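Structure first, then comments.
Chain A is the first sequence line, chain B the second, and so forth, proteins listed ahead of strands; every chain is numbered from 1. Bear in mind the structure is a predicted one, so any value in this text is a computation, not a measurement.
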Amino acid sequence: MAQDTTSKTHERAVEDLTTAEARAELEALALHLGRANDAYFRDDAPVMSDAEFDHLRNRNAAIEKRFPDLIRSDSPSRQIGAAPSDAFGKIRHTRRMLSLANAFTEDDVVDFIAGLRRFLGLAPDAPLALTAEPKIDGLSLSLRYENGQLRHAATRGDGETGEDVTANARMLDEIPQHLTDAPDLLEVRGEIYMSHSDFAALNARQAAAGGKSFANPRNAAAGSLRQLDPGITRARPLRFFAYAWGAVSAPLGQTQTEAIDRLTALGFPTNPLFRYCPTLDDLLTAYRDIEAQRASLGYDIDGVVYKLDDLSQQERLGLRSTTPRWAIAHKFPAELAWTRLDGIDIQVGRTGALSPVARLSPVTVGGVVVSNATLHNEDYIAGRDSRGAPIRDGRDIRIGDWVQVYRAGDVIPKIRDVDPARRPDWSTPFQMPAHCPECGSPALREPGDSVRRCTGGLTCPAQAVERLKHFVSRAAFDIDGLGAKQVESFWRDGWIVAPRDIFTLRDRFGPGQPRQLKNREGWGEKSAQNLFDAIDSKRRIPLARLIYALGIRHVGETSAGVLATQYGTWSAFRAAMSEAADPDSTAYAELIAIDGVGPVMVQSLITAFQVEAGTIDALAALLDIQAAEARASDSPVAGKTVVFTGTLERMTRAEAKARAEALGAKVAGSVSTKTDLLIAGPGAGSKAKKAADLGIEVIDEDQWLALIGAS
DNA sequence: GTGCCTCGAGTTCA
DNA sequence: CTCGAGGCAC
């Protein structure tokens, strides 16, 4: 396994080391392991073998054990926990793994049910059955069975692509390896979790063996499933509940209830508290019952999931971008903790936004020690907006206050409340600085904006660095070995000041140059060469990624994709951005006509290409920009613009729109020359006439359903 | 003008 | 994950 033995060649027994040698070696190990960890964590580019990684980590631990006084504040033993995740292969989910929308109050649930009825075109009192089940606090897993055999197991990942943990899933008793009487293709989805008793026992074993303990059962489950050595996973008591499915070759039933029964019959553990709820009252009763049992279940749950029971109705409702419309998670009240607010720091983001961050006396909330929390913006801290009106959830928050902290979505620490009785008498309302703490430029708040922004632009170090970090981020250029930390370090030394410097790095600091990367601390011949190669490999870049990487305000990943698809090539896009500066130009009209592009984004694009034309063009000249391909789809309506008019008799307007969009069609509100197809129900008026005048194809609802294969 | 829905931006801890 | 706000339909 150990291809690279250089670092071990001169290794000496730990007992023989002098203090000075130990200190030097710990420093070197911190550097190497930190880099290796970054490479694993961020990219798919391990810089050393797993065996060597483990060896170095053990060596570090051994030296620290003998010289406890020398343990560094940046010690790898503190930073490197579970095995690096990217050592796992990737699996693309055939059906995306979604998350759930949340309900926090009974009113939210009532709204959810009303929304279902509205979408389906049902009367407010029409019967509508749902199901309720506990929401397990673990990590979701997708299991793919082909001809009854377990083929793949994948974590959720970002929903599109997860990690391949097949070898580990095969080690778990509660996951069937073979199925009988199953559909040829069956993807089962569920939750991996660890029970309270198993968690306590595991931590006790870990402590006895001198290992680190886990903060909570969910972390223990995640750490155990993501072991590189399946043997370790085998020894961990992981459990599983099935609650959903992905692709299937034959339906599991007509309702959620039937499908869950079928999964149970196939041998999957399903939750015993699953319940069929014909009415809203049944649903809320189920919630209270499950909440009452929460402490005695023996495993963590964080709410109750409601799903529409009828699967054909589920299909009609369809999906939003990241959540299904037919399900919701009714969350339990979050765990709370009181602590003191020791200070408020100001961070400066990529766009210059000044965000206040609370520095808290460390406190345990929901099994995790929290010491920072976001405070959003100045209105939030003042408890009122710029006109003095109180704002929702805002609080008068001051340094020195006792504050109540919770973790929103069980993740992001937030401040819920302030105890006025314990406010120190010296406290004063927090004042946002009028100048950027990083560069001293005036920090201004535009009318109507809730955020104060540094006006320094790219002369502000914080903005410049954040821009660079954005440029190399995963969804942008994603250069192996050039992550946030490296970019910041290069920026500090003036090696990379703007994005284009990345692509001239080899010319300026490569072989033959007076200053060379390989002589830089922490770099060698090989690693320098690898970085140059990694950079070169990203010169060829899809148009969408480049547009996103530019970091133009209001242009995120999605909008960048839309723009790329619309213009196709860099030269077309680049020309349009210049021409659009004239609001009377056709370029302007075309730009603002793009679905999802409005006046704010247009202005932002125009300004960016005026102010930064030189740097952008210099960058583009160093790249090989790939044209965007029109999205291919097998649906007959993909890419078509359709308009609905008149009364639809077999579905609501919302449903028709959602379905058409799911098939790749664009749904417009009015007929124009861009319209490809008009679906006209009874009572269609001017739109149908206009369509006829323009020679646009007009069909009725039945023909439409036949066209999309859904009659 | 109101009310979705989505997107962008900033966020934590491991 | 959440908030704020842009974009769009009604």
Side-chain angles (χ1 to χ4, degrees), chain A residues 37 41 78-85 99-102 104 111 115 118-119 139 212-216 218-220 222-223 226 319-323 325 329 331 334 345-360 362 364-377 379-380 385 391-394 405-415 446 448-451 453 462 466-467 469-470 473 475 548 551-562 592-604 643-644 653-654 657-658 661 666-670:
Chain A
N37 200 47
F41 188 74
R78 298 191 190 180
Q79 295 171 1
I80 299 169
S85 59
S99 50
L100 292 173
N102 291 321
F104 297 100
D111 288 348
R118 214 180 311 128
F119 193 103
L139 59 153
K212 64 167 187 138
S213 57
F214 290 103
N216 53 52
R218 183 177 39 186
N219 285 0
R226 291 152 54 93
L319 313 173
R320 283 184 293 253
S321 63
T322 60
T323 59
R325 284 194 190 85
K331 303 298 278 281
D345 285 355
I346 303 293
Q347 292 182 359
V348 181
R350 165 169 71 86
T351 62
L354 268 51
S355 12
V357 178
R359 304 299 176 202
L360 305 165
T364 301
V365 195
V368 172
V369 178
V370 165
S371 48
N372 301 310
T374 174
L375 291 171
H376 291 299
N377 57 53
D379 289 350
Y380 184 85
D385 66 19
I391 60 170
R392 192 172 60 94
D393 292 344
V405 180
Y406 71 107
R407 296 204 304 149
D410 286 328
V411 180
I412 311 287
K414 296 195 59 177
I415 290 177
E446 299 293 327
D449 201 347
S450 59
V451 174
R453 289 195 153 79
E466 294 303 316
R467 270 287 272 283
K469 287 183 186 171
H470 172 82
S473 67
Y548 173 68
I552 297 164
R553 198 134 91 85
H554 302 117
V555 181
E557 216 178 331
T558 306
S559 310
V562 169
I592 205 157
I594 298 172
D595 201 17
V597 177
V600 174
M601 199 192 300
V602 168
Q603 192 49 55
S604 180
V643 176
F644 293 94
R653 197 56 76 89
K657 176 167 157 36
E661 284 172 349
K666 231 181 256 177
V667 179
S670 59

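- In the set B/dG10, B/dC13, C/dG7, the nucleotide with an atom closest to the side chain of A/Pro599 is C/dG7.
- With rounding to whole Å, A/Tyr406 atom OH is found 16 Å from B/dT11 atom P.
- Here A/His470 pairs with A/Tyr548 under the ring pair (Phe, Tyr, Trp, His ring centres under 6.0 Å) rule; sequence neighbours left out.
- Taking CD from A/Gln347 and CG from A/Leu354, the interatomic distance works out to 10.0 Å, rounded to the nearest 0.5 Å.
- Taking only side-chain atoms of A/His554, from C-beta outward, the nucleotide of B/dT11, C/dC3, C/dG6 with the closest atom is C/dG6.
- Between A/Gln347 and B/dG10, a side-chain N or O to OP1/OP2 separation shorter than 4.0 Å is absent.
- One interatomic measurement links the two molecules: CZ of A/Arg218 to P of B/dA14, which rounds to 12 Å at whole-angstrom precision.
- If you take CD1 of A/Ile552 and P of B/dC7, they are 18 Å apart, rounded to a whole angstrom.
- Distance A/Glu466 CD to B/dG10 C1': 10 Å, rounded to the nearest Å.
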Worksheet entry | From CA spacing to verdict: side chain to side chain contact (heavy atoms under 4.5 Å, CB included), A/Arg359, A/Asp345 | CA-CA 7 Å; A/Arg359 304 299 176 202; A/Asp345 285 355; 2.8 Å; yes

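- Side-chain nitrogen and oxygen atoms of A/Lys414 include none within less than 4.0 Å of the OP1 or OP2 phosphate oxygen of B/dT12.
- Between A/Thr374 and B/dT12 there is no side-chain N or O to OP1 or OP2 distance below 4.0 Å.
- Judged by closest nucleotide on DNA chain B, A/Gly556 is the one of A/Gly556 and A/Ala373 placed further toward the 5' end.
- The residue A/Ala222 sits apart from the nucleic acid: no heavy atom pair falls under 4.0 Å.
- Taking 4.0 angstrom as the limit, A/Asn372 places none of its side-chain polar atoms (N or O) nearer than this to OP1 or OP2 of B/dT11.
- Checking B/dG10, B/dC7, C/dG7 against every side-chain atom of A/Ser355, the shortest atom distance belongs to B/dG10.
- Among the protein residues, A/Ser371 comes within range of the sugar-phosphate backbone only, with heavy atoms under 4.0 Å from sugar or phosphate atoms but none that close to a base.
- Closest approach to the A/Arg553 side chain among B/dA9, B/dG8, B/dT12 is made by B/dA9 (side chain taken as heavy atoms from C-beta onward).
- Residue A/Val600 has its side chain nearest to C/dG6 when only B/dT12, C/dG6, C/dT2 are considered.
- Taking only side-chain atoms of A/Thr558, from C-beta outward, the nucleotide of B/dC7, C/dC3, B/dA14 with the closest atom is B/dC7.
- Residue contacts for A/Val451: at a heavy-atom cut-off of 4.0 Å it reaches no nucleic acid atom on any strand shown.
- In this structure, A/Arg350 reaches the B/dA9 phosphate: one of its side-chain N or O atoms is under 4.0 Å from OP1 or OP2.
- The side-chain hydrogen bond (donor to acceptor under 3.5 Å, both in side chains) test applied to A/Glu557 returns no partner, not counting sequence neighbours.
- The minimum heavy-atom distance linking A/Ile552 with A/Ser604 is given by the pair CG2-OG, 3.5 Å.
- At whole-Å resolution of the value, CZ in A/Arg325 and P in B/dC4 are 13 Å apart.
- Of all nucleotides listed (B/dC13, B/dT6, B/dG8), B/dC13 comes nearest to the side chain of A/Val370.
- Atom-to-atom, CG of A/Asp345 to C1' of B/dT12 comes out at 15 Å; the value is rounded to the nearest Å.
- When every heavy atom of A/Pro413 is checked against every heavy atom of A/Asn372, the shortest pair comes out as CB-O, 3.4 Å.
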